[in-house]
Amino acid sequence: MDILKELIISRIKNKGKITFADFMQMALYYPEHGYYNSNITSIGKSGDFYTSPAVHQIFGELVAVQLEEMWRTLGSNEFTVVEMGANAGWLCYDAMRYIKNEYPEFYEKIQYIIVESNPYMRKKQQELLCGKDVFNEKLSWHSYTIKDGFSFDAVQGCFLSNEFVDALPVHRLIVKEGALKEIYVGYSGVDLYEIVDEVCNQELKDYYIGTELTLRENQIFEISLAVRNYLNHVARKLHRGFVLTIDYGDTAHRLCRNNGAEGTVRCYYQHSVNREYYKRLGEQDITASVDFSHLMNVGKGLGLEVAGFVKQSHYLIALGVLEKLNRLRNNLETVLKVKNLFLPEGMGDIFKVLIQHKNVKNPSLSGLKPLNTIKFA
Ligand SMILES: C[S@@+](CC[C@H](N)C(=O)[O-])C[C@H]1O[C@@H](n2cnc3c(N)ncnc32)[C@H](O)[C@@H]1O
């Protein structure tokens, strides 16, 4: 039996059963053996899935356009980008290279912190980013844990994440005979199996009641308490600026309406999707669609106001992806790749962009502009 499975079984034996969130935490983050703490290549052709920065550098360049506007909005002073879970480091590389070439004054003022828990990924990021383009003096690496928060002082700037929040552990709640229950993971002596029991925590019940959702019998809905902790720490460290969250997901009501009874937790393994959560432990990604209502509501209580919430297609078009493509129209290969980022059947509709702000009065950001106000150059 593999080591991670043994570790999980031993935790279950100690406690009787564990929440799905505890199981997901171990499967993804157990030191050395969890999917995101091992040296598995998760992203790209030889991995399990693609992310937008892996599709094309235009994604990072458009994020750079947005960061520059945020910098001006904050008064063109010192500006720190904190990127969560940078994986291979492409987003940082593409954004910083663009900023260096296109916005030298902004480049002067920028500091870029990568927060990465995976030691193998940190090494990969350093190989990609250090040396070549003399980003060295601009970059630093830090850590984040739920218990201790971030290992740096308060900043002015932007917390940036792409596909970070979906990898935070979730509790799975289910309605049984009209009552709200929780799904736990037990061990039968042979296999891991699911146990339905009382909800482990009042916070989960309170959140569910607050959403005013009406789940059907046997319908599953996920709530991440790790998301709350994360935003809490972000709000503490963000003195003034923005939180830019890009991920797949939707509002709680739309997630509930549009997903089947089994909820949104799924696994990615070698570019195919499955719901075999208890197989290939540490070898496959486990993820849940992000409940953006949760991020917005928790944020408001922490002084993070919503600047806007749009589809990735809207965001990229508003930031100028079509103009960029128009200039590249003779390069069909690039056009076909980049289209994936904003077409509805690609990543355009599933992925959403949420921008929250703190201590900034009514910011007006290009990526959030209504599409009918945009004129094409
Ligand atoms: C799905 S990947 C994100 C991919 C990357 N942002 C991209 O767009 O290509 C999730 C990343 O979050 C990192 N991560 C997860 N929990 C973390 C934590 N507590 N602190 C720092 N990084 C974390 C993982 O190691 C992994 O690199």
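Atoms within a ligand are numbered from 1 in the order they appear, just like the ligands themselves. Worth knowing before you read on, the calculation uses all heavy atoms, side chains too, and leaves out hydrogens, waters and symmetry mates.
Remark: the Y103 side chain and the E108 side chain contain no N/O donor-acceptor pair separated by less than 3.5 Å.
Counting heavy atoms under 4.0 Å from ligand 1, residue F164 touches it through the side chain alone.
For the pair T51 and ligand 1, the shortest N or O to N or O distance falls below 3.5 Å. At under 3.5 Å, a nitrogen or oxygen of G85, whether backbone or side chain, sits near a nitrogen or oxygen of ligand 1. For the pair E163 and ligand 1, the shortest N or O to N or O distance does not fall below 3.5 Å.
Y36 CD2, 3.7 Å is the protein heavy atom nearest to atom 26 (C) of ligand 1.
Listed by atom number, the atoms of ligand 1 under 4.0 Å from Y144 heavy atoms are 19 (N), 20 (N). Within ligand 1, the atoms closer than 4.0 Å to a non-hydrogen atom of N118 are 25 (O), numbered from 1 in the order shown. Annotation for ligand 1: atoms under 4.0 Å from non-hydrogen atoms of S117 are 14 (N), 15 (C), 16 (N), 17 (C), 18 (C), 20 (N), 21 (C), 22 (N), 23 (C), 25 (O). Less than 4.0 angstrom separates some heavy atom of N162 from each of these atoms of ligand 1: 3 (C), 4 (C), 5 (C), 6 (N), 7 (C), 8 (O). Residue Y29 approaches ligand 1 through these ligand atoms, each under 4.0 Å from one of its heavy atoms: 15 (C), 16 (N).
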**OP:** Start with the C-alpha distance between R327 and E323, add both sets of side-chain angles, then the distance that settles salt bridge (charged side-chain N to carboxylate O under 4.0 Å, His left out), and finish with yes or no.
**Re:** CA-CA 6 Å; R327 271 177 250 132; E323 284 84 350; over 6 Å; no
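Partner Y144 forms a ring pair (Phe, Tyr, Trp, His ring centres under 6.0 Å) with one of F150, Y29, F152, F164 and no other, that one being F150.
Shortest non-hydrogen contact noted between F342 and S313 is O-CB, 3.1 Å.
Evaluated by nearest non-hydrogen atom to atom 27 (O) of ligand 1, the leading choice among M121, R122, E116 is E116.
For the pair Q57 (side chain) and D94 (backbone), a donor-acceptor distance under 3.5 Å is absent.
Judged by the 6.0 Å and 45° rule, K138 forms a cation-pi pair with Y107.
At least one heavy atom of V115 sits under 4.0 Å from some atom of ligand 1. Note on ligand 1: A167 sits outside its first shell, no heavy atom being nearer than 4.0 Å.
I146 and V82 fall within the same hydrophobic cluster, where Ile, Leu, Val, Met, Phe, Trp and Tyr residues are linked whenever their side-chain heavy atoms come under 4.5 Å apart, directly or through other members.
Between F79 and C158, the closest side-chain pair of non-hydrogen atoms falls below 4.5 Å.
A salt bridge does not link D22 to R11: none of the charged side-chain nitrogens sits closer than 4.0 Å to a carboxylate oxygen.
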